[in-house]
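Report on the following structure.
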2 protein chains.
Amino acid sequence: MPQSAVNRQVLLKARPDGIPQAEHFELVERPAPAPGPGQVLVRNIYLSVDPAMRGWVSAVANYSEPVPLGGVMRSLAVGRVEASRHPDYRPGEIVTGLFGWQDYAVADAAAIQRKVTETDLPMTTALGVLGLNGITAYFGLLEIGRPKAGETVVVSTAAGAVGSCVGQIAKLKGCRTVGIAGGATKTRLCRDEFGYDAAIDYKQGDLSAALGAACPAGVDVYFDNTAGPISDAVHARLAVGARVVICGTASAASWDPPPPGPRVERHLLVKRARMQGFVVFDFAARYGEARAALVEWVRSGKIRYREDILEGIERAPGAIAGLYRGENLGKRLIRIAAEA
Amino acid sequence: MPQSAVNRQVLLKARPDGIPQAEHFELVERPAPAPGPGQVLVRNIYLSVDPAMRGWVSAVANYSEPVPLGGVMRSLAVGRVEASRHPDYRPGEIVTGLFGWQDYAVADAAAIQRKVTETDLPMTTALGVLGLNGITAYFGLLEIGRPKAGETVVVSTAAGAVGSCVGQIAKLKGCRTVGIAGGATKTRLCRDEFGYDAAIDYKQGDLSAALGAACPAGVDVYFDNTAGPISDAVHARLAVGARVVICGTASAASWDPPPPGPRVERHLLVKRARMQGFVVFDFAARYGEARAALVEWVRSGKIRYREDILEGIERAPGAIAGLYRGENLGKRLIRIAAEA
């Protein structure tokens, strides 16, 4: 890296009330940093865009500290080691971590999530199906949902980066899978690409009736990324002993205060059902186990994935809002540098 | 029993929309039945009155078939074997079972829950603290709530037949216990009789603030018998990893459709909390284990209980509505015959 390199950064300019929009961010240019002793300088290549970022910029209670105003937007990224003052890392190695929406990041070794060694697979998979999306699907479904062969698993945002992986893992475990997504393109993707036994377009017709037809014996596992009217329809069809994995709450623009909905307690009581929140970071010590399984499934073609790659860091500020509008097909990434 | 004995029965006359009231029942007199081969004739002495009866008479989906119109109201009872055509039962033995709101019941052996052998304890305990109330508290708290020593356990309807037992078991397990009840008498009972570390009168002042003061480190286990605004206040104060036991839903007069309330998903997600419905009948194979523990705790004075005994079967029809008005202090029973 030339000493004069510029570091473009996307900073959080204002705290959004609901979904973060482009105007809540600001693109600035700063001098690229230099690594201190024990640190590594990473040149980011792909930045991740995730629904969870809405929570990361919110001042409302969450599972992590809010991104400070004026700070670089928190984000996973995959990049190349540009310079290293740590013995375990060498220039040219590919690494992932919470490097932020910026060209260059200086990271302590502890801040590096991992070295990417599946050089036979696209580098982008490190942020999607082999990254937190796939790992979220893996632990959320298997550890919280605990599906058994023959059970019916319903997934909301079923064609998304997490949902599509959940559906395919459930299928690999012998479950009947039902995907809920918005629009004909996504439901077609659910059936043709991600192998769902049934796919329901929640924007068309009677969701409750469609669910009833698709789940004649009720819903044993509901992997929920939405938490709104879609979930209300699913809750009413839970089977005895059902498990509801609360992985995301995309349906509501704001949770402060929580929006109203039909109370769930009677469904849970009558069906002895369990509804449980899930944050993938709690499984950090076991990421390797999930990734080993996912790598094998991806290599063997048992799990497919879709990506939606935007070009240029200037696309970052508006990219979260686009996710919430459902404009992406698959894992959303931003390419900010050439792979090699 | 003289051949001419009369069997007073309380029949379900009309299906209530919400809480069953006296006018939904009818008291009739029929000839007392005679046991067939393998059957036992039971003379009921105490009838049980439970919040769950609201669900038993409802046509809405539930965990058991609704009581048919014109049928004897389903109820637990404790009584004396009057005549037996089964080798395991002899006249004079005390038994419990779903004998219904009536003077006499004919029961197959399978319908008898158990013989009452704790003759040193009041017969009434067989329906309360040593019956399904205590067993519900035991399994709901220990198996679903899974409290650990040092954790904070919050109980709604904390002075009730189930709640008071939950609070005391939690205390025995080394937890800090906080009871929520309505009115000064019940909160005093919580503190002085049932050993809660703190008791909150939800009818007075700011429930949320009182909860915050009583649970500075948040709520680890919430044993919920209400599912309304009380629960909304508790959900907002769940600790990371909290468990919510959905044991009852007393706050709503009707669950068809479910009443609205703030959506819970964001609380569950952020706190990685679990909310799980619980029906004691699922633990039927393990009742003996719970009862053995409860008998010992009651005998040693480690668990206290209160009873609210009404006199005469004509009090039965209005007794459920009274429960929902909170007019009882402790387990509600109806005495319909002398103990000996």
Side-chain angles (χ1 to χ4, degrees), chain A residues 52 54-55 58 60-64 140 143-144 156 218 222 224-229 231-232 235-238 240-252 254-283, chain B residues 52 54-55 58 60-64 140 143-144 156 218 222 224-229 231-232 235-238 240-252 254-283:
Chain A
R54 185 252 299 257
S58 166
V60 179
N62 210 313
Y63 49 82
S64 54
E143 293 291 328
I144 312 296
S156 62
Y222 174 39
D224 184 15
N225 293 304
T226 56
S231 296
D232 299 340
H235 296 158
R237 295 194 177 274
L238 295 179
V240 168
R243 289 81 72 200
V244 177
V245 183
I246 306 294
C247 179
T249 59
S251 77
S254 169
W255 284 89
D256 184 26
R263 291 185 187 275
V264 297
E265 286 93 336
R266 194 75 203 165
H267 294 309
L268 297 182
L269 175 66
V270 170
K271 298 300 171 53
R272 294 83 132 171
R274 160 164 67 81
M275 183 179 274
Q276 187 165 348
F278 163 72
V279 172
V280 70
F281 301 130
D282 293 337
F283 290 84
Chain B
R54 185 253 298 257
S58 166
V60 179
N62 211 312
Y63 49 81
S64 55
E143 292 291 327
I144 312 296
S156 62
Y222 174 39
D224 184 15
N225 293 305
T226 57
S231 296
D232 300 339
H235 296 158
R237 296 195 177 272
L238 295 179
V240 169
R243 290 81 71 198
V244 177
V245 183
I246 306 293
C247 179
T249 59
S251 77
S254 169
W255 285 89
D256 185 26
R263 292 185 186 275
V264 296
E265 286 94 335
R266 193 77 203 163
H267 294 309
L268 298 182
L269 175 66
V270 170
K271 299 300 172 53
R272 295 82 131 171
R274 161 164 67 80
M275 182 180 272
Q276 187 165 348
F278 163 73
V279 173
V280 70
F281 300 130
D282 293 338
F283 289 84

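- In terms of non-hydrogen atom pairs under 4.5 Å with chain B, the most contact-rich of A:Ala252, A:Gly277, A:Cys247, A:Pro260 is A:Gly277.
- Between the side chain of A:Thr226 and the main chain of A:Ala250, no donor-acceptor pair closer than 3.5 Å is present.
- For the atom pair CG of B:Asp282 and CZ of A:Arg272, the computed distance is 4.0 Å after rounding to the nearest 0.5 Å.
- For a residue to count as touching a neighbouring chain, one of its non-hydrogen atoms must lie under 4.5 Å from one of that chain's; by this rule A:Pro257 does not touch chain B.
- Taking CZ of A:Phe278 as the start and CD of A:Glu143 as the end, the distance is 9.0 Å to the nearest 0.5 Å.
- Among B:Arg243, B:His267, B:Arg263, the residue with the largest count of heavy-atom pairs under 4.5 Å with chain A is B:Arg263.
- Of the possible donor and acceptor atoms, none in the side chain of B:Asp224 sits under 3.5 Å from a partner among the backbone N and O of B:Ile246.
- The side chain to side chain donor-acceptor pair (under 3.5 Å) search around B:Asp256 returns none, not counting sequence neighbours.
- The parts of A:Ala227 that come within reach of chain B are both its backbone and its side chain, each placing non-hydrogen atoms under 4.5 angstrom from that chain.
- Comparing A:Ser231, A:Pro258, A:Gly261 by how many heavy-atom pairs each has under 4.5 Å with chain B, the most go to A:Gly261.
- Ranked by heavy-atom pairs under 4.5 Å with chain B, the first of A:Val244, A:Val240, A:Leu268 is A:Leu268.
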